[in-house]
Protein chains: 2
Amino acid sequence: MGATKTENFTDEQNELAILTKALGHPARIAIIEYLIKVESCICGDIVNELPLSQPTISQHLKELKNAGLIKGNFEGNAICYCLNEVGFDKIKGFFQHVNTYLDNRKNGCC
Amino acid sequence: MGATKTENFTDEQNELAILTKALGHPARIAIIEYLIKVESCICGDIVNELPLSQPTISQHLKELKNAGLIKGNFEGNAICYCLNEVGFDKIKGFFQHVNTYLDNRKNGCC
DNA sequence: TGTTTATATTGCAATATTACGATATAGTTT
DNA sequence: AAACTATATCGTAATATTGCAATATAAACA
């Protein structure tokens, strides 16, 4: 064993886990925050911004892109990256659910 | 190499990554959703609910607890688990930031 | 005290992630 | 076409995660 048993969970649970897992690394949080700050930029800008090598940044961008949290379009010989609302919209529902629950929870808990 | 270079990122980035990483597994998403559904329950209830062994559930509960997303209190010889608002409140700010940005983003992006 | 019930911990194998040097790919420019 | 710029991929080492059987711990109860 060692691999996650995805077949035992719903598609929604697996998809949400893929999205949150993609955000589960400080470099990828930093990339998202940087993209919010500058709206859009090319990969090289992020390589200059963060203390990680170009291949490592490229790998993190790939994971964020695969999860649907960012998108990239060719712009000359560079690739312009920005946030992808699709992924964040999927996460939104879950946290709204959680927050609504917590806001309405009367007595602490157990 | 192989370990995340946490020293290169801010405390906020690392803390947020720990929280989202803790949610980055379908079993842990399922546990959170189950706790919302039943408000609170003991570990054994989750073992009955999910198709994973008792040690594996115990390990996932530990990770959620360490991240600050759930809390557990002794109740007789069992432990009663429920959501911990502390962790979710920390995540909330980040997603509010992202959603506000996305809502105000005029022209798509690059 | 001995037994039962509930949960945690240990130990380990399988797999996944992280990071980066070296190299490949692809568009741009001269 | 050759050189340059930007990004991706390959290969690999170090580390982390996942899952479970076996075992330990701890409270409740007979």
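Naming: A, B, ... by sequence-line order, numbering from 1 per chain.
To the nearest angstrom, P of dT5(C) lies 15 Å from CD of Q54(B). The CD atom of E75(A) sits 18 Å away from the P atom of dT5(D) (whole-angstrom rounding). One can place CZ of F74(B) at 8 Å from P of dA8(C), the figure rounded to the nearest angstrom. In this structure, L50(B) places its CG atom 15 Å from C1' of dT18(D), rounding to the nearest Å.
Y81(A) has its side chain within reach of K65(A): a pair of non-hydrogen atoms, C-beta onward, lies under 4.5 Å apart. With a 4.5 Å cut-off on side-chain heavy atoms, L19(A) and L23(B) do not count as touching.
Between dG19(D), dT9(D), dT9(C), one nucleotide has an atom nearer to the side chain of P55(B) than all others, and that is dT9(C). Looking at the side chain of Y81(B), the nearest of the listed nucleotides dG19(D), dT7(D), dA8(C) is dA8(C). In the set dA8(C), dT9(C), dA8(D), dA8(C) carries the atom at the smallest distance from any side-chain atom of C43(B).
Residue contacts shown for L61(A) are absent, as no nucleic acid heavy atom lies under 4.0 Å away. E63(B) comes within 4.0 angstrom of the backbone, heavy atoms only, and of no base. Heavy atoms of L52(B) sit under 4.0 angstrom from primed sugar atoms or phosphate atoms, though from no base atom. Within 4.0 Å of K65(B), counting heavy atoms only, lies no atom of the nucleic acid at all. Using a 4.0 Å heavy-atom cutoff across all strands shown, T56(A) reaches at least one base atom of the nucleic acid. Contacts of T4(B) with the nucleic acid, taken as non-hydrogen atoms under 4.0 Å apart, involve only primed sugar atoms and P, OP1 or OP2.
When each of Q59(B) and C41(B) is assigned the nucleotide of DNA chain C with its nearest heavy atom, C41(B) is the one assigned upstream, toward the 5' end. Toward the 5' end of DNA chain D, the nearer of the two residues I57(A) and H60(B), judged by each one's closest nucleotide, is I57(A).
Contact record, L50(B) with A30(B): CD2-CB, 3.8 Å, taken as the closest heavy-atom pair. In plain terms, the two heavy atoms of L69(A) and G87(A) that are nearest each other are CD2-C, 4.0 Å.
Contact annotation: K5(B) side-chain N/O to dC20(C) OP1/OP2 distance is under 4.0 Å.
In this structure, the separation between CD1 on I31(A) and CG on L61(A) is 4.5 Å, given to the nearest 0.5 Å.
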